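A quick write-up on the structure given underneath.
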Amino acid sequence: MTYAETSVLNGFERYMSSIVNLNILLGSMAFVIVLDYSFQEQQIINRSIYSFSSFPMKSIYQMSTFIIIVFSTILMLSETNGIAYNTSDINKKALPVQLEKFSPQNFQYNHKKILLVDPIKSDVSDNYAYYVGRYYYFSDQIAVREAFHMSSMHFKKLIERYSYVVIPEYHFTFSIMAKKVYHQSIVAGIYRVTKNGLIKVKKI
């Protein structure tokens, strides 16, 4: 991760959500103050349903309270459904979840050359796998590849460019080429690249 990317992550984009929440809080405080002024009786302990300054103000207060309750309920349901979705079976095969199964996250910035092998073409084409791998392993030398339709010589030269190969899940083409070139059966995991082949390791 470059310095420019770090600056962006630690800048405005990172705190955008906090700014929005702050504005909602300030707006809510102002709204509560206005509602409080709608009462003729300013002593909260002495208030009743007859303490409004006027009938229209009472109607506005009741309608506003109802709208807030409905809005809050929708937000809570949305958050609950979002959490349920993130923990569902759909995301159990997501790339970050797969990496966590066999690879600890790296929090120290490094320049290790890593090849991330992803069988999902869309994750590679839209750079999703690239950014997941880059920030998960905290390296600026991440490369992502999905297709390995090449000769044995080109495959070996490609692999030797990197220090590590990360395979989140079984990749048919990569496994065939590795079997052909290195005479190894490759499964999901982390492999250190050597002159004699790929050595499975527990972390980068």
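Numbers for residues simply follow the sequence, beginning at 1. As the structure is a prediction and not an experimental result, all values here were calculated from the model.
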- Note on the structure: Here the pair of heavy atoms bringing L95 nearest to P168 is CD1-CG, 3.5 Å
- ring-ring contact (aromatic ring centres under 6.0 Å, His included) filter on H183, not counting sequence neighbours, yields none
- Task: May I ask you to test the I167-Y191 pair for a side-chain heavy-atom distance under 4.5 Å?
- Result: yes
Would you give me the side-chain donor-acceptor pairs under 3.5 Å for residues 195-204, sequence neighbours excluded?
| unit_1 | atom_1 | unit_2 | atom_2 | d |
| --- | --- | --- | --- | --- |
| K200 | NZ | A188 | O | 3.3 |

- Side chain to side chain, V166 and F102, heavy atoms closer than 4.5 Å: yes
- Message: Before you tell me yes or no, could you show the steps for T194 and R192 under side chain to side chain contact (heavy atoms under 4.5 Å, CB included), namely the whole-Å CA-CA distance, both residues' side-chain angles and the distance that decides it to 0.1 Å?
- Response: CA-CA 6 Å; T194 66; R192 182 164 56 86; 3.7 Å; yes
- Query: What pair of heavy atoms forms the shortest contact from V132 to L99, and how long is it?
  - Reply: CG1-CD1, 4.0 Å
Compile the donor-acceptor pairs under 3.5 Å between side chains in residues 119-126 and protein atoms, sequence neighbours left out, one pair per line.
| unit_1 | atom_1 | unit_2 | atom_2 | d |
| --- | --- | --- | --- | --- |
| S125 | OG | K121 | O | 3.3 |
| S125 | OG | S122 | O | 3.2 |
| D126 | OD1 | Y128 | N | 3.0 |

- Inter- and intrachain pairs under side-chain hydrogen bond (donor to acceptor under 3.5 Å, both in side chains), touching residues 99-108, at least two apart: S103-Y137
- Item | F148 side chain near H171 side chain, heavy-atom distance below 4.5 Å | yes
- Message: Show, in sequence, the C-alpha distance, side-chain angles and deciding distance for Y164 and L115, and conclude whether the side chain to side chain contact (heavy atoms under 4.5 Å, CB included) test is met.
- Response: CA-CA 6 Å; Y164 295 91; L115 175 62; over 6 Å; no
- Message: Angle between ring planes, Y131 versus Y135, binned at 30° and 60°: parallel, tilted or perpendicular?
- Response: parallel
- Task: Kindly give the cluster partners of F172, where membership spreads through any ILVMFWY side chain lying under 4.5 Å from a current member.
- Result: Y170, I176
- Message: Suppose the criterion is side-chain hydrogen bond (donor to acceptor under 3.5 Å, both in side chains): which pairs have a residue in residues 141-158, not counting sequence neighbours?
- Response: S151-H154
- Message: Ignoring hydrogens, what is the shortest heavy-atom contact between F31 and S64? Give both atom names and the distance.
- Response: CZ-CB, 3.4 Å
